[in-house]
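Since the structure comes first, as structure tokens, the remarks are kept for the end.
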Amino acid sequence: MTFDLFDDLPSAPQAPEWLEPGAVVLRGFALEQAAALLEAVDAITAQAPFRHLITPGGKRMSVAMTNCGPLGWISDRSGYRYGPVDPDTGERWPAMPPIFQQLARDAAEAAGYPGFAPDACLINRYAPGTRLSLHQDRDEGHYAHPIVSVSLGIPAMFLWGGAERADKARRVPLLHGDVVVWGGPARLRFHGVLPLPAAQHPLTGACRINLTFRKAG
Ligand code: SIN
Ligand code: FE2
């Protein structure tokens, strides 16, 4: 099942859509590399499988996650943090593929943040019904660098909020190949993802894959 809303949107790269100063949606920015990115995700998850992390409050996250790069984002009863080792395997996180690094750098540059060199890539897998509640990305210890977030597979409704959790959040449909970049004055904006409607995508089946690039160290 797909939505007319999504079907009608163009699938070629489009002009940047600014959400506010510092934050932009680059439609279709990752389309050309999408198949290669997903192949790389398969190789990464063969080494560091997707898992459902536990929040510090003891809840199992509905989004399945893994990481690549020198640092990976993890959550457990003791808190949220970045670390070099996958706690499930005891091994370092798989290396960040060069095409990931290049895409993140290019997208950041297109958004006005040249020279972005991420050291962490969180890989999120959303199944239908999965959601990510409003949160800020603030475990990086410093906020000088932007966040680059790549959407692959079935569509999602991204929530773009404000500086406070209670601020009204705007709904931004994100499609396969879209990239969102936020930094500078928008770096600590609350954001999230509404429960994913069921759909199928030729490259990912019934799921959405999100790559979130950060400079954490
Ligand atoms: C995130 O905030 O970590 C992911 C956002 C998304 O899946 O689009
Ligand atoms: Fe986030």
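Whatever order the structure lists ligands and atoms in, that order sets their numbers, starting from 1.
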Ignoring waters, protein N/O/S atoms under 2.8 Å from the Fe ion (ligand 2) are His135 NE2, Asp137 OD1, His191 NE2

Is there a donor-acceptor contact under 3.5 Å from the side chain of Arg187 to the main chain of His145?
yes

Apply the test side-chain contact (heavy atoms from CB on, under 4.5 Å) to residues Trp182 and Val180: give CA-CA distance (whole Å), side-chain angles for both, the deciding distance (0.1 Å), then the verdict. CA-CA 7 Å; Trp182 64 95; Val180 188; 3.6 Å; yes

Here the pair of heavy atoms bringing Phe190 nearest to Ala163 is CE1-O, 3.4 Å

Margin query: In this structure, would Ile54 and Met61 fall into the same cluster of hydrophobic residues linked by side-chain contacts under 4.5 Å?
Written below: no

Is it the case that the side chains of His176 and Asp178 hold a donor-acceptor pair, with the cut-off being a distance below 3.5 Å and no angle test? no

Open item on the list: Under a 3.5 Å cutoff, is there a donor and acceptor pairing between the side chains of Tyr82 and Arg214?
Closed with: yes

What I want to find out is whether Arg81 reaches Asp76 closely enough, with some N-O distance under 4.0 Å, to be called a salt bridge. yes

Contact set, ligand 1, heavy-atom distance under 4.0 Å, ordered by chain/number, equals Asn124, Tyr126, Leu132, His135, Ser149, Phe158, His191, Val193, Arg208, Asn210, Thr212, Arg214

**Lys/Arg-Asp/Glu bridge criterion (N-O < 4.0 Å) met for Arg92, Asp86** = no

| query | Are the charged groups of Glu140 and Lys215 less than 4.0 angstrom apart, N to O? | reply | no

